[in-house]
Amino acid sequence: MENLESDPERGVAFRQFAPTLCVLFPIMSELSKTYTPAEVEERWYAQWIADGAFTADPSRVSDKRPAYSVVIPPPNVTGILTLGHVLNNTIQDILCRRARMLGKEVLWLPGTDHAGIATQNVVEKNLKKQGAIKHRDDLGREGLVEKIWEWKEKHGGIIIQQLKKLGASCDWSRERFTMDPEYSRCVQRVFVDLYKKGQIYRGKRMVNWCPSSLTALSDEEVTMKPQNGTMYHFKVEVIEEPGTWLEIATTRPEVIPGDTAIAVNPKDPRYAHLIGKHVRRPLPLENQAELPIVGDEHVDFTFGTGVLKVTPAHDKADFEIAQRHSLPVIDVMNPNGILNELAGKDLGGMERFAARKRAAELLTEIGSMVKEELYQNNVGYSERADVPIEHRLSEQWFLKYPSVQPSQEVVAKGDMRFFPDRWAKVYDHWMGGLQDWCISRQLWWGHRVPVWTKTITILRFAELGLNEDATAHLTNDFNDWPKDGRNTTSLSLSATTPSELQTKKTFFRLDWDGESREQVIVSALTDCADEAAALNQAGFTQDPDVLDTWFSSWLWPFATMGWPNETADLKAFYPTTDLVTGPDIIFFWVARMIMAGYEYMGELPFKNVYFTGIIRDKQGRKMSKSLGNSPDPLELIASYSADALRFGIMRSAPLGQDIAFDEKNVELGRNFCTKLWNACRFRQMQGGEVESEVNPALLSSDDKWILLRLNTAINEVTTALEEYRFSDATSTLYRFFWSEYCDWYVEASKAVLQGTDDKRKANTVAVIDFVLGHTLRLFHPFLPFITEELWHGMGFNADMPENQGGKSIMFAPWPKPMDADEQAYFGILPEDEKTANDKYETVNLGRGLKSTFNISKKVRFVLKPTTELPAHEIEVIRILLNAEPLDVDAAFAAKKGTPAVLTPLGELFLPLDGIIDVEAERTRVAKELAKVDTELAKVKAKLADENFTSKVPQKVLDEHKHRESDWSAQFEKLKVMLEALG
RNA sequence: GCAUGGAUAGCUCAGCGGUAGAGCGGCUCGUUUACACCGAGUUGGUCGGGGGUUCGAAUCCCUCUCCGUGCACCA
């Protein structure tokens with residue numbers, strides 16, 4: 001016992017056995033009859049904050065106290081808590097709380113994301129609703145950004161407060177926002193750095209354009225949606241061959257005015273001979289230009305008519321064809337989706353979908369339309385604005401992804417693990433097909449592109465290309481002046497004049513027109529505010545675009561920890577241990593964080609990535625505002641408690657699958673908390689009678705059974721958590737506490753507690769304390785509030801060192817199962833589980849008998865035992881059976897027709913004097929016999945089969961033989977019983 | 001089209017080569033001094049269809065159907 005007590009990792013475990021009970025009892029505060037979660041949850045959260053319980057301290061990290069860290073997936077700063085957040089953050093909280101109990105130094109770093117498009121949209125919409133503005137231009141850039149900051153200050157805290165309600169144990173002293181000054185600095189620094197490395201470039205490209213948000217989007221922000229549309233077939237005549245008509249199929253007749261060619265496949269025998277000839281473009285009517293017929297391999301001649309109209313300004317593929325054939329580009333649409341004057345007088349000024357209808361009418365009117373048919377195709381939608389996107393040629397900033405190879409290998413090699421691991425495949429697949437990332441957005445809310453430009457006229461190019469004006473800004477170190485005919489170069493300057501440009505950190509670049517070489521555009525990039533100001537003063541203009549939100553959040557794991565300085569936090573907590581997030585942002589965020597982590601920290605940002613499922617309603621539909629099927633977590637907390645919500649959602653969240661949310665599970669969580677509360681109250685009511693010594697010899701079979709079941713539960717929960725199987729952990733807890741501890745052990749313990757043997761009583765109470773002390777700790781990560789309340793209410797804290805559970809259960813040691821030595825000390829053998837199980841099985845059968853005969857009152861049972869039973873065991877069975885009395889009589893001779901069942905402990909009779917329904921009993925026994933008969937027949941048939949007995953492993957054969965003898969014994973006894981009934 | 005996950009009791013799911021399981025629900029009892037947010041009992045399934053491998057298949061293989069997801073995408 002001594003060595004057990006002195007084990008520091010053991011914690012309360014064995015000290016809870018007897019010796020300390022007399023100490024515990026006086027300081028136990030009485031638990032109220034009902035649990036009041038709202039008050040308790042508020043009180044404990046405030047206490048934890050006051051105690052700084054969530055604050056991480058990197059200086060405490062050591063070999064003995066390893067770091068555990070998680071960065072929160074930053075929610076939208078103006079967002080409100082959804083069930084998705086509840087799921088995600090409950091998991092993170094469980095991981096963090098368990099890590100604390102394992103003695104780790106835990107950092108859960110919280111914060112919010114500025115969420116460019118979403119936030120700007122919300123605020124703009126709101127201002128319009130209030131009538132404050134009609135258009136963002138009414139306020140201008142500065143004004144609107146100011147309004148958004150105001151909004152952020154007012155609403156930015158909401159989701160944080162909601163996370164606190166949930167019990168999230170984040171280190172709020174480290175809360176970050178992606179537009180904090182230091183964070184913004186990181187974003188700029190990374191931009192400048194990648195630019196210098198040649199991985200960021202500016203270019204005029206076809207991009208995804210959102211006509212609603214009026215900005216470019218990355219490929220990831222576009223989702224394809226199947227669409228019921230119309231395929232229009234129209235015909236054009238080949239000018240050089242009058243009478244030869246080509247039929248063209250299109251879904252977008254409104255952009256015909258933007259057509260600059262007709263393309264056919266040169267291998268298509270139907271049309272190859274027409275290449276080089278011309279057709280007349282039908283629209284606009286006043287400008288029916290001649291279009292060349294070009295041959296291009298891209299055209300699939302098995303699709304449609306095999307003739308493709310080429311609209312370079314409005315289609316990616318067409319743009320490429322245009323480039324291959326040097327075709328002009330005619331952009332017929334304004335950024336907002338309204339056709340411009342180039343679309344002609346009929347269509348110009350019309351909204352794109354109205355224009356489509358009108359264009360079809362025009363084609364019909366001029367007799368060009370051949371047919372219109374219903375057609376289903378996929379159309380790209382802007383994920384945010386939920387409108388079809390346009391492909392649009394525009395000047396944007398692009399990033400060639402860094403560090404693709406290493407990060408891919410890392411996942412493949414298993415240096416970083418994905419849970420469930422199938423996401424690694426998805427990740428790899430995406431990494432394999434990377435396109436450059438369009439990172440600029442035409443918005444105002446976000447990190448402005450840290451590039452300034454100024455156009456300078458060059459006077460004396462020949463002598464090194466710069467005039468006085470230019471050299472004033474750009475001096476030495478021209479290391480790459482273009483000798484190779486390229487019209488672009490980069491140069492970095494170690495010093496410049498004017499002196500206000502402290503340019504050690506400013507990076508310059510020249511672009512000029514390769515023909516005239518008279519105009520030079522000087523681009524300056526800096527991540528330093530002073531230099532930015534100097535550039536503005538020197539007449540430079542900053543790029544109006546902002547960066548994609550994900551271009552800032554991909555730095556989250558290290559930019560939040562003080563990068564680029566080598567901070568104590570980075571040293572202690574980077575890379576982070578776990579990342580918990582939804583699979584929907586695997587590309588947006590996870591993959592990019594991996595790349596950024598590699599590029600800037602030379603290391604992975606996290607060791608494990610857990611992907612949650614997506615929360616759906618009972619019908620399997622995604623939660624959405626428009627469907628109104630998304631319950632408000634705060635309301636659920638108000639009705640059921642945060643613990644209940646956490647428990648409910650974890651119970652229904654199996655690894656790797658979507659979650660069908662059902663409020664029933666939250667109700668179940670609430671009920672579970674109540675059960676826990678009442679079970680603790682039951683312990684308290686045993687108050688007084690306490691012995692100071694535990695006597696292993698006094699442990700009953702029930703005690704041993706529950707201790708073994710506890711061991712199993714500890715093992716199961718521990719393994720489940722290690723493997724991120726949260727719902728499995730939850731079901732184990734549920735089963736152990738409710739079905740094993742409450743339903744069997746507590747009931748069985750009443751045999752002692754209601755008896756007169758004080759020594760046994762004390763021992764039983766000690767076992768109860770042992771089990772409850774462990775149970776509360778096992779539950780704590782899931783149910784932080786009620787476990788803390790009970791930990792103190794039951795006085796479990798009183799006996800612990802302050803930093804190991806004395807002050808809070810969250811630092812109490814995580815339960816360890818008893819090892820072999822400990823079990824030996826208490827005389828617990830594995831077979832003890834069977835002893836109790838046999839007893840419970842006997843009780844089950846007896847209860848079944850009672851129920852068959854519709855008896856709910858106390859009633860006499862007689863057991864005809866096969867082995868001798870100690871008095872205590874008999875008393876337990878009596879209590880569990882609610883028998884009054886339970887006679888044990890080896891020589892019992894039952895009257896004919898007395899109901900009886902065969903139990904592991906012997907035959908159990910329910911003597912019903914005078915009211916025996918022989919017929920009913922005969923039916924029951926006959927039914928039982930029939931069942932046994934079928935089972936017996938099955939086993940016999942197998943054993944009779946040579947094929948089976950000769951090929952099966954010995955173990956299986958033995959099992960079957962054993963089964964056969966069991967069934968036959970039962971069969972024989974039942975037969976006798978049936979015969980006795982006549 | 002290419003990947004990928006799933007289909008087991010009314011519902012949500014576990015089991016993944018050797019007697020089909022759990023929770024919830026349903027039904028029937030029950031005011032036993034922790035708990036009716038409770039207790040006891042009980043009812044539910046040719047494990048999506050079809051083939052195959054095996055002594056033996058919900059479990060392994062093939063194939064089909066249906067749902068979900070990702071990527072690509074043709075007018």
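Only heavy atoms go into these numbers, but all of them, side chains included; no hydrogens, no water, no symmetry mates. Per chain, numbering begins at 1; letters A, B, ... match sequence-line order.
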task: Indicate, with a heavy-atom threshold strictly under 4.0 Å, whether A:Asp584 touches base, sugar-phosphate, or nothing.
output: nothing
task: State the dot-bracket string of RNA chain B. Criteria: Watson-Crick or G-U wobble, both atom distances under 3.5 angstrom; notation: ( ) intrastrand, [ ] crossing earlier pairs, | interstrand, . unpaired.
output: ((((((((.[[[[.)..(..]]]].(((((.......))))).....[[[[[..)....]]]]])))))))....
- prompt: Between A:Arg324 and A:His298, is a side chain to side chain contact (heavy atoms under 4.5 Å, CB included) present by the stated rule, with each step listed?
  reply: CA-CA 11 Å; A:Arg324 286 196 283 273; A:His298 171 260; 3.8 Å; yes
Tell me which donor-acceptor pairs under 3.5 Å the side chains of residues 581-589 of chain A have, and how far apart each pair is, sequence neighbours excluded?
from, atom 1, to, atom 2, distance (Å)
A:Trp589, NE1, A:Ser553, O, 2.9

field: Residues within residues 946-957 of chain A bordering RNA chain B, heavy-atom distance below 4.0 Å
entry: A:Asn947, A:Phe948, A:Lys951, A:Val952, A:Pro953, A:Val956
task: Quick one: list whatever passes side chain to side chain donor-acceptor pair (under 3.5 Å) with A:Asn837, sequence neighbours left out.
output: A:Trp705
message: Short of 4.0 Å, heavy atom to strand atom, which residues of residues 637-646 of chain A count as contacting RNA chain B?
response: none
message: What does the B/S/- profile of nucleotides 25-35 of chain B look like, 5' to 3', with a 4.0 Å heavy-atom cutoff to protein?
response: ----SS-B-BB
query: If we take the P atom in both B:rC60 and B:rG15, what is their distance in whole Å?
result: 12 Å
- request: Taking side chain to side chain donor-acceptor pair (under 3.5 Å) as the test, write out the residues that go with A:His391, two or more places apart.
  value: none
Per-pair distances, 0.1 Å, donor-acceptor, side chain in residues 728-735 of chain A, under 3.5 Å, sequence neighbours excluded:
from, atom 1, to, atom 2, distance (Å)
A:Asp728, OD2, A:Arg725, NH1, 2.8
A:Thr730, OG1, A:Phe726, O, 2.6
A:Ser731, OG, A:Ser727, O, 2.7
A:Thr732, OG1, A:Glu716, OE1, 2.8
A:Thr732, OG1, A:Asp728, O, 3.2
A:Arg735, NE, A:Glu740, OE2, 3.0
A:Arg735, NH1, A:Glu716, OE1, 3.2

message: Can you list, in residue-number order, the parts of residues 217-225 of chain A that come under 4.0 Å of RNA chain B, counting heavy atoms only?
response: A:Met224
- request: Sugar-phosphate atoms are those with a prime plus P, OP1 and OP2; base atoms are the rest. Using that split, label each nucleotide of nucleotides 10-17 of chain B B, S or - for protein heavy atoms under 4.0 Å, 5' to 3'.
  value: ---SS---
query: How would you list all residue pairs meeting ring-ring contact (aromatic ring centres under 6.0 Å, His included) that involve residues 933-971 of chain A, not counting sequence neighbours?
result: A:Phe948-A:His960
- prompt: Excluding sequence neighbours, so at least two apart, what forms side chain to side chain donor-acceptor pair (under 3.5 Å) with A:His429?
  reply: none
- prompt: At under 4.0 Å between heavy atoms, what does A:Ile248 touch on the DNA or RNA strands: base, sugar-phosphate, or nothing?
  reply: nothing
